Amino acid sequence: MRTKNLFQMATLMLGMTISSVMIASCTVEDNPVDEPQFDEEVLRYVEGIPQTASNQLMEFQNHIVEIDSLGNFVRRLNGVPLNREDTTVLSIGVQDLAEARSFFNEWLPDNPEITETAPNVVTFYPKDENGAAQGEIYFTPSSSEEMVAEMTYSSTTDLRHFTSIQFIPESLWPPMGSDDGMDFKLWQVYKMKGPDGKEGDYQCIRERSFGKLGLLALVKDKRNPTKHRDNLTASESVAKEAYKVLKDNWGKWKYSDFGERVWINKSYLPVYHLDNSYTINLKKGDVTYWEWYFSIVYYFFHPNKNSFGKLYIIEF
């Protein structure tokens with residue numbers, strides 16, 4: 001209750017500040033109100049704070065099976081269970097070892113700590129935000145004709161809802177029909193109802209194939225940090241899957257005119273919405289945090305500053 005009261009008091013004070021500014025600007029017609037001076041902390045938030053430290057294990061986890069803050073299953077992004085007797089073993093179809101390794105590399109964070117004891121025999125040591133160890137993740141080529149490579153992890157590694165990823169030859173991938181009506185074609189545009197319940201032109205940026213989830217994407221509604229808060233925008237892990245596609249296909253992206261940076265839903269506090277102001281650069285992959293609450297007066301004077309479109313994604 002104390003936190004709630006403090007929040008309400010701060011909201012009231014900000015509201016009074018903006019109201020006084022608005023009243024002054026309306027009553028002094030011939031003498032426009034001078035813009036207030038903003039301290040360094042406000043200006044730092046206005047410039048955006050690049051996210052350098054991350055929970056590397058969670059980031060790796062969410063490229064395969066996305067989980068929520070409590071560890072519950074949300075969705076699979078890469079890999080499907082082919083063995084009904086053990087649905088924790090996921091498979092992805094690849095053409096060769098190089099493609100399998102590229103999948104693994106794309107799941108790694110920036111500047112990962114890895115060792116490679118032999119060609120393509122890799123151990124990744126994920127760290128948390130404070131640099132503490134979180135176990136070990138292994139990528140190992142296979143000598144079997146039925147498997148190209150396998151990703152596994154140590155018993156001290158808290159990955160959830162899967163035990164391994166098996167990269168198998170595409171030629172051995174079992175037939176999977178598209179009788180669910182979700183057979184969308186790459187770069188085509190479809191009129192769809194999105195996560196926000198509104199209909200829009202969603203572009204297929206990745207087809208569903210060989211254990212990869214398909215993606216339909218749309219960008220709309222440019223907003224600055226004070227107005228964009230929306231927990232229905234694409235999650236960070238799904239947005240990074242979109243980045244991996246779009247970085248080399250920007251000319252095919254229907255919404256390139258919105259710019260490279262878009263709002264995403266990195267994390268969400270359902271009460272105050274204070275932790276939802278994040279963007280991703282769809283050509284570079286970097287994530288930036290934007291403070292809105294303590295910068296609200298700044299955005300009153302600069303309503304078009306830091307206005308980015310909101311990214312919505314439908315998985316199929």
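Because the structure is a prediction, the values reported are computed rather than measured.
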Legend entry - From CA spacing to verdict: side-chain contact (heavy atoms from CB on, under 4.5 Å), Ile49, Arg44: CA-CA 7 Å; Ile49 303 174; Arg44 184 171 77 95; 3.5 Å; yes
Inset, instruction - I would like to know whether Arg223 and Ser307 meet side-chain contact (heavy atoms from CB on, under 4.5 Å); could you show each step before the answer? - result: CA-CA 5 Å; Arg223 296 287 188 269; Ser307 290; over 6 Å; no
Inset, instruction - Kindly indicate, with the supporting measurements, whether the criterion ring-ring contact (aromatic ring centres under 6.0 Å, His included) is fulfilled by Tyr190 and Tyr202. - result: CA-CA 5 Å; Tyr190 301 88; Tyr202 281 79; over 10 Å; no
Legend entry - Evaluation steps, side chain to side chain donor-acceptor pair (under 3.5 Å), between Ser164 and Tyr153: CA-CA 7 Å; Ser164 67; Tyr153 54 89; over 6 Å; no
Inset, instruction - Decide salt bridge (Lys or Arg N to Asp or Glu O under 4.0 Å) for Glu116 and Arg101; before the verdict, give the C-alpha distance in whole Å, the side-chain angles of both, and the deciding distance to 0.1 Å. - result: CA-CA 12 Å; Glu116 188 163 356; Arg101 177 66 186 274; 3.2 Å; yes
Legend entry - Stepwise side-chain contact (heavy atoms from CB on, under 4.5 Å) check, Val238 with Leu77: CA-CA 8 Å; Val238 176; Leu77 289 176; 3.9 Å; yes
Inset, instruction - List the steps, then state whether side-chain contact (heavy atoms from CB on, under 4.5 Å) holds for Ile137 with Met151. - result: CA-CA 7 Å; Ile137 300 174; Met151 188 232 84; 4.0 Å; yes
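Taking a cutoff of 4.0 Å between a charged side-chain nitrogen and a carboxylate oxygen, Glu199 and Lys193 do not qualify as a salt bridge. A salt bridge is defined here as a Lys NZ or Arg NE, NH1 or NH2 lying under 4.0 Å from an Asp or Glu carboxylate O, and Asp196 with Lys220 meets this definition. In summary, Arg206 and Glu241 engage in a salt bridge, as defined by a charged side-chain N under 4.0 Å from a carboxylate O. Ion pairing of Asp86 with Arg84 is absent here, as no side-chain N (NZ or NE/NH1/NH2) approaches a carboxylate O to less than 4.0 Å. A salt bridge is absent between Arg208 and Glu315; no separation between the charged side-chain nitrogens and carboxylate oxygens falls under 4.0 Å.
A tilted orientation is assigned to the rings of Tyr278 and Tyr289, their planes being inclined by 30° to 60°. In this pair, Phe73 and His161 present their aromatic rings perpendicular. The plane angle is above 60°, beyond the 30 to 60° band. In this structure, Trp250 and Trp253 have tilted ring planes: the angle between them lies in the 30° to 60° band.
Between the side chain of Glu207 and the backbone N or O of Lys185, no donor-acceptor pair lies under 3.5 Å. In this structure a side-chain-to-backbone donor-acceptor pair under 3.5 Å is present from Gln61 to Val65. Judged by distance alone, with hydrogens and angles left aside, the side-chain atoms of Ser295 form no donor-acceptor pair with the main-chain N or O of Trp292 at under 3.5 Å. Proximity of a side-chain donor or acceptor of Glu59 to a complementary backbone N or O of Pro109 within less than 3.5 Å is not detected. A donor-acceptor pair is defined here as one N or O able to donate and one able to accept, closer than 3.5 Å; no such pair exists between the side chain of Gln166 and the backbone of Gly93. The backbone N or O of Ala132 lies less than 3.5 Å from no partner atom in the side chain of Asn130, so there is not a single donor-acceptor pair. At least one donor-acceptor pair closer than 3.5 Å links the side chain of Asn224 to the backbone N or O of Pro303. Although no hydrogens or angles enter the test, the distance criterion places no donor-acceptor pair under 3.5 Å between the side chain of Asn249 and the main chain of Lys252.
Side-chain atoms of Met147 and Phe167, non-hydrogen and from C-beta on, never get closer than 4.5 Å to each other. Between Phe210 and Lys212, every side-chain heavy-atom pair lies at or beyond the 4.5 Å cut-off. Counting only heavy atoms from C-beta outward, the side chains of Leu215 and Cys204 never approach each other to under 4.5 Å. In this structure the side chain of Met192 reaches within 4.5 angstrom of the side chain of Leu216, judged on heavy atoms. In this structure, the side chains of Ile67 and Asn72 stay at 4.5 Å or more apart for every pair of heavy atoms. Under the 4.5 Å side-chain criterion, counting only non-hydrogen atoms from C-beta, Trp173 is not in contact with Val94. Side-chain contact check for Thr279 versus Arg261: some heavy-atom pair is nearer than 4.5 Å. No side-chain heavy atom of Ile168 sits less than 4.5 Å from a side-chain heavy atom of Val148.
Phe316 has its ring centre less than 6.0 Å from the ring centre of Phe184.
Scored by the ring pair (Phe, Tyr, Trp, His ring centres under 6.0 Å) test, Phe308 finds Trp263, Trp290 as partners (sequence neighbours excluded). Residues forming a salt bridge (charged side-chain N to carboxylate O under 4.0 Å, His left out) with Glu150 (at least two apart in sequence, or on another chain): none.
The hydrophobic cluster containing Tyr45 also contains Val287, counting ILVMFWY residues as joined when their side-chain heavy atoms lie under 4.5 angstrom apart, directly or transitively.
A donor-acceptor contact closer than 3.5 angstrom is absent between the side chains of Asp286 and Gln51. Under the 3.5 Å distance criterion, with hydrogens and angles disregarded, no donor-acceptor pair is assigned to the side chains of Arg229 and Ser277. For the residue pair Asp128 / Gln134, no side-chain donor-acceptor distance below 3.5 Å is found, with atom types taken as modelled. Side chains of Glu291 and Tyr293: no donor on one and acceptor on the other come within 3.5 Å. His63 and Glu106 share no donor-acceptor pair across their side chains, judged by distance under 3.5 Å alone. Residues Asn306 and Tyr299 bring a donor and an acceptor atom of their side chains to less than 3.5 Å of each other.
Closest heavy-atom contact between Pro141 and Val121: CD-CG2, 3.8 Å. What you find for Tyr243 and Asn281 is that their closest heavy atoms are CD1-O, 4.0 Å. Nearest heavy atom pair, residue Ala149 against residue Phe139, reads CB-CZ, 3.6 Å. Nearest heavy atoms, Leu311 versus Ala239: CD2-CB, 4.0 Å. When all heavy atoms are compared, the tightest approach of Pro112 to Phe124 is CB-CE1, 3.7 Å. Contact record, Ile313 with Pro195: O-CG, 3.7 Å, taken as the closest heavy-atom pair.
With values rounded to the nearest 0.5 angstrom, Thr288 atom OG1 is found 9.0 Å from Ile264 atom CD1.
Within 6.0 Å of atom CD in Glu40, 12 or fewer heavy atoms from other residues, nucleotides or ligands are found, so the atom counts as exposed in its surroundings.
Screening Val80, Asn83, Ile165 for a side chain to side chain contact (heavy atoms under 4.5 Å, CB included) involving Leu90 leaves a single residue, Ile165.
Within the structure, side-chain hydrogen bond (donor to acceptor under 3.5 Å, both in side chains) contacts touching residues 138-149 (residues at least two apart or in different chains) are Glu136-Tyr138.
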